[in-house]
Amino acid sequence: TAKADGNYEGTISETFEIQKAVLTVAANSASIRYGDDAPAYSYKITGFMGKESESVLKSRPTVSCVYVKGDSVTMSPVSITVSGGEADNYTFNYVNSTLTISKINSTAFMKGVSSLVYNGAAQTLVTDISSTGGTLMFRVGSEGDFTAEIPVATNAGTYRVYFYVEGDENHNDTAVAYVQGVIGKA
């Protein structure tokens with residue numbers, strides 16, 4: 001009821017609409033290495049009024065990512081998305097993030113052969129060759145280009161065989177290392 005000076009008296013009726021507050025739901029970024037399991041994805045919510053917390057949500061937001069173990073580094077960065085969530089007094093603003101997949105190290109192993117004897121034919125200078133994560137590259141001596149061909153020599157002598165793994169899309173290159181192969185005199 002409203003009264004005014006003079007001869008006026010009446011009732012005033014007003015309707016008010018209380019707008020919902022906005023919660024920001026931000027996906028947390030994550031990093032893994034090639035071949036790792038998917039991490040536990042998470043989010044952070046900001047914007048609750050007063051002392052309210054996630055306990056006022058009717059349903060919680062969900063976090064998802066399409067990454068599966070073994071996906072290539074070339075997919076990186078992969079989107080981490082948040083969605084869903086429901087509350088009586090709040091609307092939701094979603095902020096996506098990314099999963100970064102990094103390369104892992106390549107490996108290489110071999111032994112130099114020291115039991116060879118000159119026979120006039122080309123002989124393989126290394127044995128027990130193994131590698132992961134790329135292409136094994138060789139070079140005999142400290143100069144020249146590396147190639148994927150297994151190194152051989154014909155003449156008697158001591159040969160330094162340099163090698164490394166040229167990493168693929170999911171693996172880093174290894175450092176250059178060497179072994180020695182020996183062809184003894186006949």
Side-chain angles (χ1 to χ4, degrees), residues 24-45 60-84 94-186:
T24 298
V25 183
N28 294 318
S29 61
S31 296
I32 59 169
R33 294 170 44 91
Y34 170 72
D36 284 352
D37 290 326
Y41 301 112
S42 60
Y43 58 81
K44 180 179 180 180
I45 300 179
R60 294 178 185 268
T62 58
V63 184
S64 63
C65 183
V66 298
Y67 170 81
V68 293
K69 183 177 181 172
D71 280 350
S72 175
V73 171
T74 60
M75 287 183 59
S76 186
V78 184
S79 183
I80 300 173
T81 59
V82 285
S83 61
Y94 301 104
V95 180
N96 297 329
S97 188
T98 56
L99 170 67
T100 301
I101 308 168
S102 61
K103 291 183 176 187
I104 60 174
N105 292 331
S106 301
T107 61
F109 175 81
M110 73 183 65
K111 293 179 183 175
V113 178
S114 60
S115 59
L116 301 173
V117 176
Y118 173 76
N119 64 10
Q123 299 181 70
T124 302
L125 297 170
V126 293
T127 187
D128 296 334
I129 302 167
S130 67
S131 67
T132 61
T135 304
L136 191 53
M137 304 296 285
F138 305 92
R139 176 179 74 203
V140 177
S142 60
E143 296 181 10
D145 293 331
F146 282 88
T147 71
E149 295 177 26
I150 295 176
V152 297
T154 304
N155 295 325
T158 300
Y159 298 89
R160 215 173 244 197
V161 177
Y162 292 87
F163 65 96
Y164 77 100
V165 175
E166 186 176 90
D168 60 21
E169 65 189 17
N170 298 312
H171 297 82
N172 297 310
D173 294 354
T174 63
V176 175
Y178 73 90
V179 295
Q180 289 194 148
V182 178
I183 300 176
K185 292 181 179 181

> Does OH belonging to Tyr162 count more than 12 external heavy atoms closer than 6.0 Å?
Replying inline: yes
4.5 Å side-chain heavy-atom contact, [X] and [Y]:
X	Y	result
Val152	Thr124	yes
Gln123	Val113	no
Pro61	Tyr43	yes
Val63	Ile80	yes
Val126	Ile150	yes

Roughly how far apart are [X] [atom1] and [Y] [atom2], rounded to 0.5 Å?
X	Y	atom1	atom2	answer
Lys111	Ile129	NZ	CD1	12.0 Å
Leu99	Asn28	CG	CG	12.5 Å
Thr154	Tyr118	OG1	OH	7.5 Å
Asn96	Ser29	CG	OG	12.0 Å
Asn172	Ile104	CG	CD1	8.5 Å

>> My understanding is that only residues two or more places apart in sequence, or in another chain, count here; which of them pass ring-ring contact (aromatic ring centres under 6.0 Å, His included) with Phe163?
In response: none
> Of all residues at least two apart in sequence or in a different chain, which pass the ring-ring contact (aromatic ring centres under 6.0 Å, His included) check with Tyr164?
Replying inline: Phe146
Which atom pair, heavy atoms only, marks the closest approach of [X] to [Y]?
X	Y	value
Arg33	Asn105	NH2-N, 4.1 Å
Ser106	Thr174	O-CG2, 3.3 Å
Ser97	Ala27	CB-O, 3.2 Å
Ile183	Asn155	CD1-O, 3.5 Å
Ala186	Val117	CA-CG1, 3.8 Å
Tyr67	Val78	N-CG1, 4.3 Å

>> By the side chain to side chain donor-acceptor pair (under 3.5 Å) test, which pairs, at least two apart or in different chains, include something from residues 72-83?
In response: Ser64-Thr81, Ser72-Thr74, Ser72-Glu169, Ser72-Asn170
>> Under the criterion side-chain contact (heavy atoms from CB on, under 4.5 Å), I'd like the reasoning laid out for Asp128 against Met110: C-alpha separation, chi angles, the key distance, then a yes or no.
In response: CA-CA 5 Å; Asp128 296 334; Met110 73 183 65; 5.9 Å; no
> Short question: side chain of Gln180, backbone of Ser114 - any donor-acceptor pair under 3.5 Å?
Replying inline: no
> When you measure from the side chain of Ser102 to the backbone N and O of Ile32, does any donor-acceptor pair fall under 3.5 Å?
Replying inline: yes
